[in-house]
Amino acid sequence: MSAIETALAPMADPLREKLAASRLPLFINGESVAGSGEPLEVTDPSTGMQLAMTSAATVEDVNLAVSAARKAFESGLWAEFTPAQRQRALHRFADALEENLEELATLEALNCGKPFNVARFGELPMGIEILRYHAGWATKLNGETREISLPGTWHAYTLRQPLGVAGLIVPWNVPFTIAMSKIAPALAAGCTVVLKPAELTPLTAVRLAQIAFESGIPAGVLNVVQGLGPVAGQALADHPDVDKVSFTGSTAVGKRLLASAAGNLKRLSLELGGKSPVVIYPDADLAKAIPGAAMSIFANSGQVCAAGSRLYVHEDVADQVIEGIANFAKNMKIGPGLESTTQLGPLVSEMQRDRVLGYIAAGVADGAELVTGGERLEGEGFFVQPTVLKNVSPEMSVAKEEIFGPVLSVSTFSDEDSLADVLRRANDNDYGLNSIIFSQDISKALMFAKKIQAGNVRVNTGSGMDANMPFGGFKQSGWGHENGREGIEAYTSLKSVTVKID
């Protein structure tokens with residue numbers, strides 16, 4: 001490790017040594033447990049080398065974790081906590097995470113290859129803020145009294161109560177923050193949790209569960225069972241004692257979970273794929289639109305479900321915008337996550353790198369013009385240059401399918417195209433997760449927001465996620481929402497009570 005890496009993340013070397021020395025355990029009922037499945041290799045995507053070996057959960061391991069969560073929900077200490085006690089426990093958990101932030105950020109950078117500064121000062125603090133936000137909801141969930149029209153005198157009210165055991169399945173692109181966006185509302189509502197992280201990126205999941213227990217979250221409340229999706233994930237989704245499954249990942253897997261939910265009709269939340277449109281009009285502030293559009297696709301190496309991967313730009317400014325985004329891409333510093341100057345890290349695996357390169361090759365073969373990028377970086381690690389393709393037509397795979405890499409597909413429109421025409425092109429996709437418009441015409445922007453078939457709309461910015469704003473998709477981008485009131489109420493059931501007074 002270079003001196004600059006050591007200065008940036010002084011815990012990296014000790015953590016590498018610790019990870020290499022022993023197998024990463026499962027965490028069940030307050031204890032580190034050796035999984036009974038075959039061990040799995042965890043790779044550092046910046047080098048392509050083994051980082052750790054991790055236990056893999058079997059069906060039996062998942063059964064143990066669900067049993068612990070069920071006991072903690074029904075008869076353990078967690079069931080006896082008042083809302084205020086839950087709130088204080090979650091704030092202590094958040095305090096403990098902040099005390100271990102340097103370690104967690106280093107683990108995330110090693111495991112995902114993402115820039116350390118992005119993890120340390122962006123994603124992980126956001127995840128902790130999500131936990132604090134939901135801690136506040138623990139004391140604010142409520143039913144209400146209702147006036148009813150039955151004969152006689154009645155007292156009628158609703159009760160909002162925790163669902164029970166929540167099975168949470170998270171992906172590899174933003175492991176800590178996505179996990180926290182599910183753990184926080186589940187625990188705040190009074191549920192208990194079995195978390196299944198992606199087998200590629202389990203490091204922060206196991207550590208945060210250990211920290212939760214150390215901070216006073218009772219045994220069995222937060223369990224972690226890393227392992228293969230078809231084994232551990234499927235067992236969790238099928239389990240009759242799991243009352244809800246929240247899944248973030250591919251649309252194909254999300255569809256398969258529908259059958260799993262049918263067994264006991266468990267609640268199901270799905271945050272799935274995206275192919276989000278970005279629209280730039282000639283009246284836009286291009287000094288904001290160009291970097292905004294660029295970062296909407298290149299951030300996290302394009303491994304973002306809400307990435308702005310389809311750009312529709314007016315022909316009057318198309319050359320300027322495409323050149324600006326291409327220059328932005330060319331000037332991005334690509335490198336390992338622990339390099340202080342890195343802006344764009346590797347893709348998570350060799351398979352993902354090859355998948356992205358295959359899409360780029362298919363786009364060029366179909367007639368798209370390669371403006372910049374399109375190549376893997378020679379040497380170790382799973383790096384792909386940020387890529388811009390123009391003259392992309394709607395039938396091309398790069399325009400229709402989620403690539404999950406730093407690849408932008410560009411098309412143009414003209415004065416002859418009405419807003420309805422632009423919306424028709426933007427909506428012509430199976431997905432509907434995110435959308436972005438850059439325009440100084442507020443009427444146009446608001447009409448776009450009303451008519452776009454997407455669960456999230458950004459106006460004159462590529463960002464805008466906040467713990468108080470619900471996040472979810474339309475069409476094949478999913479069911480349900482995370483964050484906001486809607487996100488925590490998804491972990492509750494509503495009960496109607498009617499009392500005959502006379």
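Just so you know, these numbers use all the heavy atoms, side chains as well, and skip hydrogens, waters and symmetry mates.
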Does the side chain of [Y] come within less than 4.5 Å of [X]'s, by heavy atoms?
X: Ile452; Y: Asn427; answer: yes
X: Leu203; Y: Leu15; answer: no
X: Leu97; Y: Phe176; answer: yes
X: Phe382; Y: Asp354; answer: no
X: Met295; Y: Gln343; answer: no
X: Leu208; Y: Phe93; answer: yes
X: Leu338; Y: Ser46; answer: no
X: Ser276; Y: Ile436; answer: no

Take Phe213 and Val221 through the test side chain to side chain contact (heavy atoms under 4.5 Å, CB included) and record every step on the way to the result. CA-CA 9 Å; Phe213 181 68; Val221 172; over 6 Å; no
For [X] and [Y], work out which heavy atoms get closest and say how close.
X: Val388; Y: Phe298; value: CG2-CZ, 4.1 Å
X: Lys196; Y: Val225; value: CG-O, 3.1 Å
X: Ala12; Y: Thr106; value: CA-CG2, 3.7 Å
X: Ala65; Y: Asn223; value: O-ND2, 3.8 Å
X: Ser435; Y: Ala454; value: OG-CB, 3.8 Å
X: Gln352; Y: Leu347; value: O-CD1, 3.9 Å

Can you measure from [atom1] ([X]) to [atom2] ([Y]) and round to the nearest 0.5 angstrom?
X: Ile322; Y: Ile290; atom1: CD1; atom2: CD1; value: 10.5 Å
X: Arg207; Y: Leu107; atom1: CZ; atom2: CG; value: 8.5 Å
X: Trp479; Y: Leu258; atom1: CH2; atom2: CG; value: 4.5 Å
X: Phe471; Y: Asp466; atom1: CZ; atom2: CG; value: 13.0 Å
X: Lys475; Y: Leu433; atom1: NZ; atom2: CG; value: 11.5 Å

Sequence-distant partners of Lys266, salt bridge (Lys or Arg N to Asp or Glu O under 4.0 Å), two or more places apart: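 So Lys266 forms no salt bridge (Lys or Arg N to Asp or Glu O under 4.0 Å) with any residue.
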Which residues pass the salt bridge (Lys or Arg N to Asp or Glu O under 4.0 Å) test with Glu102, sequence neighbours left out?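 So Glu102 forms a salt bridge (Lys or Arg N to Asp or Glu O under 4.0 Å) with Arg120.
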Pairs meeting criterion salt bridge (Lys or Arg N to Asp or Glu O under 4.0 Å) with involvement of residues 37-59, two or more places apart: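 Residue pairs passing salt bridge (Lys or Arg N to Asp or Glu O under 4.0 Å), neighbours aside: none found.
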With sequence neighbours left out, which residue pairs that include part of residues 383-411 fulfil the salt bridge (Lys or Arg N to Asp or Glu O under 4.0 Å) condition?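 Every pair satisfying salt bridge (Lys or Arg N to Asp or Glu O under 4.0 Å) with a residue in residues 383-411: Glu369-Lys390.
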Among Val170, Leu222, Ile130, which one satisfies side-chain contact (heavy atoms from CB on, under 4.5 Å) with Ile183?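 Among Val170, Leu222, Ile130, the one that satisfies the side-chain contact (heavy atoms from CB on, under 4.5 Å) with Ile183 is Leu222.
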If we check side-chain contact (heavy atoms from CB on, under 4.5 Å) with Val410, which of these qualifies: Val313, Val392, Leu389?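 Looking at Val313, Val392, Leu389, the match for Val410 under the side-chain contact (heavy atoms from CB on, under 4.5 Å) is Val313.
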Identify all side-chain donor-acceptor contacts of residues 232-241 below 3.5 Å with residues at least two apart in sequence or on another chain.
| residue | atom | partner | partner atom | Å |
| --- | --- | --- | --- | --- |
| Gln234 | NE2 | Asp238 | OD1 | 3.1 |
| Gln234 | NE2 | Asp238 | OD2 | 3.3 |
| Gln234 | NE2 | Ser260 | OG | 2.7 |
| Asp238 | OD1 | Ser260 | OG | 2.8 |
| His239 | ND1 | Asp241 | N | 3.0 |
| His239 | NE2 | Asn63 | OD1 | 3.2 |

Evaluate the criterion side chain to side chain contact (heavy atoms under 4.5 Å, CB included) for residue pair Ile128 and Glu98; output intermediate values, then yes/no. CA-CA 8 Å; Ile128 295 170; Glu98 287 177 340; 3.7 Å; yes
Less than 4.0 angstrom from a charged side-chain N to a carboxylate O is my criterion; do [X] and [Y] meet it?
X: Asp13; Y: Arg16; result: yes
X: Arg132; Y: Glu129; result: no
X: Lys330; Y: Glu323; result: no

Please list, chain by chain and in numerical order, all residues satisfying side chain to side chain contact (heavy atoms under 4.5 Å, CB included) with [X], sequence neighbours excluded.
X: Ser463; value: Thr461
X: Pro470; value: His481, Glu486
X: Lys18; value: none

Show, in sequence, the C-alpha distance, side-chain angles and deciding distance for Val321 and Leu311, and conclude whether the side chain to side chain contact (heavy atoms under 4.5 Å, CB included) test is met. CA-CA 10 Å; Val321 168; Leu311 174 61; 4.1 Å; yes
Between [X] and [Y]: side-chain donor-acceptor atoms closer than 3.5 Å:
X: Glu123; Y: Thr177; value: no
X: Thr251; Y: Gln476; value: no
X: Lys182; Y: Ser246; value: yes

Using side chain to side chain contact (heavy atoms under 4.5 Å, CB included), reason through Leu272 and Phe247 one step at a time and then give a plain yes or no. CA-CA 8 Å; Leu272 307 176; Phe247 169 80; 3.7 Å; yes
Taking the side chain from [X] and the backbone from [Y], do they hold a donor-acceptor pair closer than 3.5 Å?
X: Thr342; Y: Pro336; value: yes
X: Ser409; Y: Val407; value: no
X: Ser67; Y: Leu64; value: no
X: Ser32; Y: Phe27; value: no
X: Thr47; Y: Gly381; value: no

Tell me, with the steps shown, if Arg70 and Asp243 meet salt bridge (Lys or Arg N to Asp or Glu O under 4.0 Å). CA-CA 10 Å; Arg70 174 58 61 189; Asp243 302 290; 2.6 Å; yes
Just to verify, what does Tyr312 make a side chain to side chain donor-acceptor pair (under 3.5 Å) with, not counting sequence neighbours?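 Per chain and number, Tyr312 pairs via side chain to side chain donor-acceptor pair (under 3.5 Å) with Arg310.
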Tell me, please, which residues at least two apart from Ser269 pass side chain to side chain donor-acceptor pair (under 3.5 Å).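 Applying side chain to side chain donor-acceptor pair (under 3.5 Å) to Ser269 gives Lys244.
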Show me the pairs that pass side-chain hydrogen bond (donor to acceptor under 3.5 Å, both in side chains) and involve residues 165-174, at least two apart or across chains.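 Those involving residues 165-174 do not exist here.
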Quick one: which residue pairs count as a side-chain hydrogen bond (donor to acceptor under 3.5 Å, both in side chains) with a foot in residues 290-305, not counting sequence neighbours?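 Found Lys114-Asn300.
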